[in-house]
Amino acid sequence: MNKRIKINRLLNAESPMKRVLVKGWVRTRRDSKTFSFIEINDGSCLRNMQIVADASLPDYEEVGKISTGSAVSVSGALVESKGGGQKWEILADEITVIGTAPETYPLQKKRHTDEYLRTIAHLRPRTNKYGAVFRIRSELSWAVHKFFKEKGFHHIHTPILTGSDCEGAGSLFRVTALDLENPPKQDGKIDFSEDFFGTEANLTVSGQLSAEMFALSLGDVYTFGPAFRAENSNTRRHAAEFWMVEPEMAFCDIHGDMDLAEELIRCLVGHALRECAEDLELFAKFVDKSLMTTLEGIVQNEFVRLPYRDAVSILQKASQPFEYPVEFGTDLQTEHERYLTEKHFKKPLIVYDYPKSIKPFYMRVNDDGDTVGAMDALVPGIGEIIGGSAREERPDVLKHRMLELGLPEKDYWWYLESRIFGSAPHSGFGLGFERLMMLVTGVNNIRDVVPFPRTPKNIEF
RNA sequence: UCCCCAGUAGCUCAGUAGGCAGAGCAGAUGGCUGUUAACCAUCGGGUCCGCGGUUCAAGUCCGUGCUGGGGAGCCA
């Protein structure tokens, strides 16, 4: 018996083949008097393979019972199709049902809402749209590694479990091996010295601080892994578990940081356009009619670079009213970011040099003393897709900032030591991988670009 | 967490003025055709999200809870 061949290979065949074997899931069956058409999909591509099953087949009775959703194995000849819709089809000489699907199979041969498909997240990758989403996700994931590999970056596996609530930003998921029914206590409080690590532990919110240590050793590094936020965020762009790409570069300032951010996004979008054309076509057709214009615009045009001070004055001069007032020292609200990227410039932009007062301790203080080398990349439809900064490499300035913000030095002793022993300017950023997926596919809910999304009150599957 | 909207057949939805619960698709059965989300006919299919209230009468009005969605905040 020959080996199974993926449908995408067969659909791109140059010539007929006498004997091929395919395996996949039935999308639809159309019966004639003397034969049946069965369309099967094996996930290798968006398109299905049409199987022609003639009534003369030994098990033709069985063929009539093959239902939508069943897993089947088909062997036969790859021949040019007599019908109009496809170039190739398989003239079956043997069809075996590997796994049946009763009529309660929830996926029908019709359009389903995204909300309904979320309730059957275990089956939704069998639909055209979600199959395409996750093929693109896989391709983009690979493209991230390719991008950094070609630039000489090293991939670092930073820890998922962390011992301190670094950055103090966002609520953390506590990790414990203690008996929650009866935890050990000391002076009325839970005694974490009895816990697995002998101290409090959490899931990481970012690999940045670890990555910095490796940038100051291996030069240019990146991490690509999950991050966890226990924020009670109920929006279409937040998940409790998401993936971040976090490059960190030694001897690099905020401008080099922005250069890399822009190059990364444009390169990844270009990669998707080249390598996922067929799947992207589905999104351009059914999800976002302007998708191709948006994506090609990103690849072809440079991003706007806009200092925060200039962003403020543009917003102050804007003809439309804002709910939140804008002045130096306030953070840009969603409405402001959307105005800048969707109305004023109508393309991606990077805002940089934010006020010190609204940014974390590790961002490098600029010479003006009021701003830090922070940057946010904003794209139409999604908002912030990248947040990054130059890191404060001067130990005295860093300590001063920690004091201002009330962060205990002892918790960051190793971070501070990196500034004492051979400190060097360095910069990095975090790219929200799901937000990139939303940008590339036009899908407007983060829950629909994650295989099994985790959001407040939702961890089924 | 706050504001707004929704919840009716397996799925997508309609349900008028408070008066017997509907369609398309899916499923079953039969027919027809190199078909393309095939087509035609027949049939089966309901805790109208839960609880409480108003009313002779509630899918419909009121209160409340749950679930889902959109927006805001937090951020990637």
Side-chain angles (χ1 to χ4, degrees), chain A residues 27-39 47-54 64-65 67-69 79-86 89 91 101-120 127-128 167 169-171 205-208 224-246 261 265 286 322-324 331-338 358-360 376-379 382-388 429-439 444-450 455-458 460:
Chain A
R27 285 295 175 80
T28 180
R29 194 192 80 223
R30 293 179 290 272
D31 292 329
S32 263
K33 192 159 216 171
T34 55
F35 54 89
S36 281
F37 295 107
I38 305 163
E39 285 198 39
R47 285 178 294 165
N48 303 325
M49 176 60 79
Q50 174 161 287
I51 310 296
V52 181
D54 195 84
K65 290 177 189 154
S67 55
T68 302
V79 299
E80 288 200 38
S81 178
K82 290 182 211 162
Q86 57 285 316
E89 65 189 14
L91 209 54
E103 74 264 13
T104 51
Y105 182 59
L107 291 172
Q108 321 230 325
K109 294 184 282 186
K110 64 189 282 284
R111 200 187 159 276
H112 292 286
T113 59
D114 294 325
E115 290 80 9
Y116 171 66
L117 291 169
R118 268 171 228 153
T119 69
I120 50 166
T127 63
N128 288 339
E167 299 183 53
S171 311
V205 295
S206 161
Q208 181 199 320
F224 185 10
F228 306 88
R229 307 270 166 96
E231 295 289 348
N232 188 18
S233 293
N234 292 287
T235 81
R236 62 184 181 83
R237 359 176 252 293
H238 291 87
E241 176 180 314
F242 62 100
W243 281 59
M244 266 204 297
V245 180
E246 296 182 284
I265 291 179
F286 299 115
F322 292 115
E323 191 185 335
Y324 294 87
D331 210 351
L332 299 183
Q333 303 295 312
T334 297
E335 58 174 344
H336 306 136
E337 295 179 349
R338 292 184 71 122
I358 57 171
K359 291 293 181 185
D376 284 350
L378 312 174
V379 295
I382 289 147
E384 185 178 347
I385 193 167
I386 279 178
F429 61 80
L431 164 71
F433 189 64
E434 283 79 9
R435 291 190 181 172
L436 174 78
M437 279 295 299
M438 293 167 74
L439 176 70
N444 59 23
N445 195 311
I446 198 167
R447 299 171 182 91
D448 298 332
V449 296
V450 179
T455 52
K457 303 275 186 290
N458 186 356
E460 200 169 14

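Keep in mind that what you see is a predicted model, and the values were worked out from it rather than measured. Throughout, protein chains are lettered first and strands after them, A, B, ... in sequence-line order, and every chain is numbered starting at 1. Just the heavy atoms: all of them, side chains too, but no hydrogens, waters or symmetry mates, feed the values below.
- Considering CD of A:Glu39 and CZ of A:Phe37, their distance stands at 10.0 Å, rounded to 0.5 Å.
- The base of B:C74 is paired with the side chain of A:Ser233 by a donor and an acceptor separated by under 3.5 Å.
- On a pure distance criterion of 3.5 Å, a polar donor-acceptor pair joins the side chain of A:Ser81 and the base of B:G34.
- The shortest distance between the side-chain N/O atoms of A:Arg27 and the OP1/OP2 oxygens of B:U36 is not below 4.0 Å.
- Pairing of B:U64, defined by two Watson-Crick or G-U wobble distances under 3.5 Å, is identified with B:G50.
- Distance A:Glu323 CD to B:C2 P: 17 Å, rounded to the nearest Å.
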Report each atom pair, protein N/O against N/O of nucleotides 9-14 of chain B, whose distance is under 3.5 angstrom.
| unit_1 | atom_1 | unit_2 | atom_2 | d |
| --- | --- | --- | --- | --- |
| B:G10 | N2 | A:Gln108 | OE1 | 2.6 |
| B:C11 | O2' | A:Lys110 | NZ | 3.2 |
| B:C11 | O2' | A:His112 | ND1 | 3.0 |
| B:C11 | O2 | A:Lys110 | NZ | 3.1 |
| B:U12 | OP1 | A:Thr113 | OG1 | 3.0 |
| B:U12 | O4' | A:Lys110 | NZ | 3.1 |

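- Phosphate contact (OP1/OP2 of B:U36, side-chain N/O of A:Thr28, threshold under 4.0 Å): absent.
- Pairing for B:A37 is absent, judged as Watson-Crick or G-U wobble with the two contacts each under 3.5 Å.
- Rounded to whole angstrom, the span from the CD atom of A:Glu231 across to the C1' atom of B:C74 amounts to 5 Å.
- Within the 4.0 angstrom heavy-atom criterion, only backbone atoms of the sugar-phosphate kind lie near A:Ile386; the bases stay farther away.
- How far CG of A:Asn128 is from CG of A:Asn48: 6.5 Å, rounded to the nearest 0.5 Å.
- Between the side chain of A:Asp31 and the base of B:U35, no donor-acceptor pair under 3.5 Å is found.
- With hydrogens and angles ignored, a donor-acceptor pair under 3.5 angstrom links the side chain of A:Glu89 to the base of B:G34.
- If you measure from atom CZ of A:Arg236 to atom C1' of B:A76, you get 14 Å, rounded to the nearest angstrom.
- Separating the P atom of B:G70 from that of B:G31 is a span of 47 Å, rounded to the nearest Å.
- Between A:Thr334 and A:Lys457, it is A:Lys457 whose nearest contact on RNA chain B lies nearer the 5' terminus.
- When both distances must be under 3.5 Å, the Watson-Crick or G-U wobble mate of B:C43 is B:G27.
- Rounded to a whole Å, the CG atom of A:Asp331 is 10 Å from the C1' atom of B:C75.
- Taken from CZ in A:Arg338 to CD1 in A:Ile382, the straight-line distance is 10.0 Å, to the nearest 0.5 Å.
- Comparing the P positions of B:U12 and B:G7 gives an interatomic distance of 12 Å, to the nearest angstrom.
- As the counterpart of B:A72, B:U1 is assigned, both hydrogen-bonding distances of the Watson-Crick or G-U wobble pattern falling under 3.5 Å.
- Across all strands shown, A:Gln50 has heavy atoms under 4.0 Å from base atoms, whether or not it also approaches the sugar-phosphate.
- The gap from the C1' atom of B:C2 to that of B:G44 amounts to 47 Å, rounded to the nearest Å.
- For the atom pair A:Asp376 CG and A:Ile385 CD1, the distance stands at 12.0 Å (nearest 0.5 Å).
- The pairing partner recorded for B:A9 is none, the criterion being a Watson-Crick or G-U wobble arrangement whose two distances lie under 3.5 angstrom.
- Rounded to an integer number of Å, the gap from CG of A:Asn234 to P of B:U67 is 11 Å.
- Spacing between atom NE2 of A:His336 and atom C1' of B:G73 amounts to 13 Å, rounded to whole angstrom units.
- Spacing between B:U16 and B:C74 at atom P, rounded to whole Å, works out to 42 Å.
- When the C1' atom is used for both B:C49 and B:A58, the distance is 16 Å, rounded to whole Å.
- Nucleotides B:G22 and B:U64 are separated by 33 Å at their P atoms, to the nearest Å.
- Contact check, A:Ser67 against B:G27: no side-chain N or O comes under 4.0 Å of OP1 or OP2.
- Side-chain contact between A:Asn445 and A:Asp114 is absent, with no heavy-atom pair separated by less than 4.5 Å.
- In this structure, the nucleotide among B:G34, B:U1, B:A76 sitting nearest to the side chain of A:Asn232 is B:U1.
- Taking a centre distance below 5.5 Å and an interplanar angle below 30 degrees as the stacking criterion, A:Phe433 does not stack against the six-membered base ring of B:A76.
- At the heavy-atom level, A:Gly430 lies under 4.0 Å from the strands shown only through sugar-phosphate atoms.
- To the nearest 0.5 angstrom, A:Arg118 atom CZ is 8.5 Å from A:Thr113 atom OG1.
- Heavy atoms of A:Ala227 sit nowhere under 4.0 angstrom from any nucleic acid atom.
- Between the CZ atom of A:Arg30 and the P atom of B:A37 there is a distance of 7 Å, given to the nearest Å.
- A distance of 5.0 Å separates CZ in A:Arg237 from OG1 in A:Thr334, rounded to the nearest 0.5 Å.
- Other residues, nucleotides and ligands place no more than 12 heavy atoms under 6.0 Å from the CD atom of A:Glu460.
- Here A:Phe228 pairs with nothing under the ring pair (Phe, Tyr, Trp, His ring centres under 6.0 Å) rule; sequence neighbours left out.
- B:C48 and B:C5 have their P atoms separated by 24 Å, given to the nearest Å.
- Remark: B:G19 base-pairs with B:C56. Criterion, Watson-Crick or G-U wobble with two distances under 3.5 Å.
- Straight-line distance from the OH atom of A:Tyr324 to the C1' atom of B:C74: 11 Å, rounded to whole Å.
- Residue A:Gln333 has a polar side-chain atom (N or O) positioned under 4.0 Å from OP1 or OP2 of B:G73.
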Step by step, work out the side chain to side chain contact (heavy atoms under 4.5 Å, CB included) result for A:Arg229 and A:Phe242.
CA-CA 9 Å; A:Arg229 307 270 166 96; A:Phe242 62 100; 3.6 Å; yes

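- Mapped onto RNA chain B by nearest heavy atom, A:Arg447 and A:Leu431 fall at different nucleotides, with A:Arg447 at the one closer to the 5' end.
- Side-chain nitrogen and oxygen atoms of A:Arg118 include at least one within less than 4.0 Å of the OP1 or OP2 phosphate oxygen of B:G69.
- Salt bridge absent: A:Glu89 and A:Lys82 never bring a charged side-chain N and a carboxylate O closer than 4.0 Å.
- For the C1' atom pair drawn from B:G46 and B:C11, the interatomic distance equals 14 Å after rounding to whole Å.
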